[in-house]
There are 2 protein chains.
Amino acid sequence: MTTKTPRTTKQRTAVLELLNEVNEFRTAQTLHQLLAERGDTIGLATVYRTLSRMAAAEEVDTLLNSDGETLYRRCSDGHHHHLVCVNCGKAEEISARAVEIWAQETAAEHGFTDIHHTVELAGRCRDCSASR
Amino acid sequence: MTTKTPRTTKQRTAVLELLNEVNEFRTAQTLHQLLAERGDTIGLATVYRTLSRMAAAEEVDTLLNSDGETLYRRCSDGHHHHLVCVNCGKAEEISARAVEIWAQETAAEHGFTDIHHTVELAGRCRDCSASR
DNA sequence: GTATGTGCAAATCGTTTGCAAGCCA
DNA sequence: TGGCTTGCAAACGATTTGCACATAC
C-alpha cells in the first residue's frame with residue numbers, strides 16, 4: 001500500500017498554513033474565505049478537494065454539524081474525541097478511555113462486530129458561558 | 001409554551017403508520033418511496049415537513065449519516081443512544097449511564113456548561129457479520 | 001515532458017420554500 | 001368558514017465534477 005504524496009503547490013501550502021493557525025473546527029467555505037482575506041486567491045473547489053484529501057489521509061479531522069455541513073480541523077494523530085464550544089467553535093481534544101471500553105463491551109453484548117463509534121461533546125466554553 | 005397539535009391528515013397518518021412498522025433509521029427519500037410502494041401518494045415535500053415536525057416534537061429520532069443525509073426513526077421517549085448496523089440499518093437503543101456521567105464530568109473539568117452529547121455506535125450486527 | 005493540481009462554471013442532490021388549492025376542526 | 005396542510009415546482013446551498021490550462025517533479 002504505497003500512498004502517494006500530493007504535490008506541493010502554493011494552494012496546498014496555504015491551506016496547511018491556515019489550518020495550523022486556526023485550531024477550531026471550520027467549514028470549507030469559511031476556510032476559503034479566510035484564505036481570501038489573507039490574500040491567498042484559491043478556488044473554492046480546490047479548498048474542498050484539498051480538505052477531502054487531507055481528511056482521507058487523516059491529516060485533518062472532520063465533523064458534521066447539525067446543518068449537515070462538514071467542519072474541518074487540523075488534528076493530532078491517534079483516536080480521540082472533541083469537546084466543542086457551540087458558540088465560538090473552539091474545540092479541545094479529549095481522550096476517553098472509559099468510553100472506548102464501554103463502546104467495545106456494549107457492542108459485543110449485542111453481537112456487533114467491526115465497531116466504530118462517534119462521541120462528541122458540545123456546550124459553552126468557560127469564556128462563552130461568562131460573556132453570555 | 002403551548003405546543004399545538006397538528007391536524008390529522010391521511011398523509012400524516014400514513015407516515016406514522018409506516019414509522020411504526022419500519023424500525024430502522026431511514027432517509028426521508030426512502031420513506032417517501034416506501035409510502036409510494038404501499039399506495040400512499042404523498043408529496044416528498046410533505047414527507048420532509050412531517051418528519052421535521054415530528055423530530056421537533058421528539059416523536060422521532062434523527063441521525064446524520066456520513067453523506068450528510070438525515071435519517072429518521074420512531075423512538076421511545078427519553079434520552080438514549082443507538083447501536084446501528086452499517087449494513088442493514090437495524091438499530092438498537094442503548095442506554096449508557098456510564099457515558100452520561102463521563103460526559104458531565106469531562107465537560108465540567110474543562111469549564112464547559114450547557115453540555116449536550118452525541119454518542120453513536122455503529123458496526124455490523126450479528127446477522128450481517130455472519131452473512132458477510 | 002507528463003502526470004497532477006487548479007480554476008471556473010455547470011451539474012448534483014438532499015432539503016426547503018412560495019403559493020394556490022384542498023381539507024380538517 | 002378559516003386556517004392549517006398539501007403538492008408542485010422553483011429555489012437553495014453545500015459539495016462535486018468536467019474540462020482546458022498551469023505547474024510541480
Side-chain angles (χ1 to χ4, degrees), chain A residues 2-19 22 24-57 59-73 89, chain B residues 1-19 22 24-57 59-73 84 89:
Chain A
T2 23
T3 310
K4 66 183 91 170
T5 321
R7 288 184 180 169
T8 305
T9 65
K10 81 176 189 320
Q11 291 83 343
R12 190 176 181 80
T13 304
V15 172
L16 266 172
E17 280 182 3
L18 178 61
L19 287 174
V22 180
E24 280 91 58
F25 278 94
R26 289 287 138 83
T27 63
Q29 313 246 7
T30 302
L31 291 171
H32 173 246
Q33 189 181 318
L34 289 174
L35 285 168
E37 284 172 8
R38 48 155 70 192
D40 295 311
T41 314
I42 300 187
L44 178 56
T46 301
V47 174
Y48 274 109
R49 276 186 286 229
T50 304
L51 289 173
S52 303
R53 209 170 297 188
M54 294 175 86
E59 292 166 30
V60 295
D61 261 13
T62 64
L63 219 53
L64 276 179
N65 70 11
S66 49
D67 287 341
E69 297 172 320
T70 308
L71 305 178
Y72 300 86
R73 185 202 194 219
Chain B
M1 107 151 219
T2 25
T3 311
K4 66 184 91 173
T5 322
R7 287 183 181 169
T8 305
T9 64
K10 81 175 188 325
Q11 291 83 345
R12 192 178 180 77
T13 305
V15 172
L16 267 173
E17 279 180 3
L18 178 61
L19 287 174
V22 180
E24 280 92 59
F25 279 95
R26 290 287 138 84
T27 63
Q29 314 246 4
T30 302
L31 291 172
H32 174 246
Q33 189 181 318
L34 290 174
L35 285 168
E37 285 171 7
R38 47 153 72 190
D40 296 309
T41 315
I42 300 187
L44 177 56
T46 302
V47 174
Y48 273 110
R49 275 186 286 230
T50 305
L51 290 173
S52 303
R53 212 171 297 189
M54 295 174 88
E59 292 165 34
V60 295
D61 261 14
T62 63
L63 221 54
L64 277 177
N65 70 12
S66 50
D67 286 341
E69 296 172 321
T70 307
L71 306 177
Y72 300 86
R73 184 203 195 218
V84 187

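This one's a predicted model, so the numbers in the text were calculated from it and none came from an experiment. Below, read A as the first sequence line, B as the second, and so on, with proteins coming before strands; counting in each chain starts at 1.
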How long is the span from the CG atom in B:L18 to the CD atom in B:E37, to the nearest 0.5 Å? 10.0 Å
Rounded to whole angstroms, how far apart are CD on A:E69 and P on C:dT16? 13 Å
Length of the line joining A:Q33:CD and D:dA14:C1', which is rounded to integer Å: 15 Å
A side-chain contact here means heavy atoms from C-beta on lying under 4.5 Å apart; do A:V15 and A:T46 qualify? no
Is there side-chain contact between A:T70 and A:L64, with at least one heavy-atom pair below 4.5 Å? yes
Look at the side chain of A:R7 and the base of D:dC25, then say whether one donor and one acceptor between them are separated by less than 3.5 Å. no
Is there side-chain contact between B:L16 and B:M54, with at least one heavy-atom pair below 4.5 Å? yes
Using a distance-only criterion (donor-acceptor N/O pair, under 3.5 Å, no hydrogens), is the base of C:dG7 paired with the side chain of A:R49? yes
Candidate nucleotides D:dT15, C:dT15, D:dT6, ranked by approach to the side chain of B:Q11 - the nearest: D:dT6
So, does A:T9 get its side chain near the phosphate of D:dA24, meaning an N or O under 4.0 Å from OP1 or OP2? no
Nucleic acid contacts - residues 37-45 of chain A versus DNA chain C, non-hydrogen atoms under 4.0 Å: A:T41, A:I42, A:G43, A:A45
So, does B:Y48 get its side chain near the phosphate of C:dT15, meaning an N or O under 4.0 Å from OP1 or OP2? yes
Between P on C:dT15 and CG on B:D67, what's the gap in Å once rounded to a whole number? 10 Å
Is the phosphate of D:dA14 approached by A:T70 (side-chain N or O, under 4.0 Å from OP1 or OP2)? no
Rounding to a whole Å, what distance do you find between B:L64:CG and D:dT15:P? 12 Å
To the side chain of B:T50, which of D:dT15, C:dA25, D:dT6 is closest? D:dT6
Between C1' of C:dG7 and NZ of A:K10, the distance in whole Å: 10 Å
Which one of A:T50, A:L19, A:L71 satisfies the side-chain contact (heavy atoms from CB on, under 4.5 Å) criterion with A:V60? A:L19
When the C1' atoms of the five terminal pairs at each end define the local axes, what inter-axis angle does the helix from C:dG1-D:dC25 to C:dA25-D:dT1 show, to 10 degrees? 30°
Residue pair A:P6 / A:R53: nearest heavy atoms and the distance that separates them: CB-NH1, 4.3 Å
Does D:dT5 have OP1 or OP2 under 4.0 Å away from a side-chain N or O of B:T46? no
Counting the atoms with a prime plus P, OP1 and OP2 as sugar-phosphate, which does B:T27 contact under 4.0 Å by heavy atoms, base, sugar-phosphate, or nothing? nothing
Euclidean distance, atom CZ of residue A:R53 to atom C1' of D:dT16 [Å, nearest integer]: 13 Å
Are side-chain heavy atoms of A:E17 and A:D40 found at a separation under 4.5 Å? no
What is the distance, to the nearest angstrom, from the CG atom on B:N65 to the P atom on D:dT15? 14 Å
Straight-line distance of B:Y48 OH to B:L31 CG, nearest 0.5 Å: 10.0 Å
Sidechain-backbone polar pair: A:D67 side chain, A:E69 backbone, donor-acceptor under 3.5 Å: no
I need the minimum non-hydrogen distance between B:F25 and B:D61, along with the two atoms involved. CE2-O, 3.7 Å
Contact nearer the 5' end of DNA chain C, comparing B:G68 with B:T8: B:G68
Taking OP1 and OP2 of D:dA24, is either one under 4.0 Å from a side-chain nitrogen or oxygen of A:R12? no
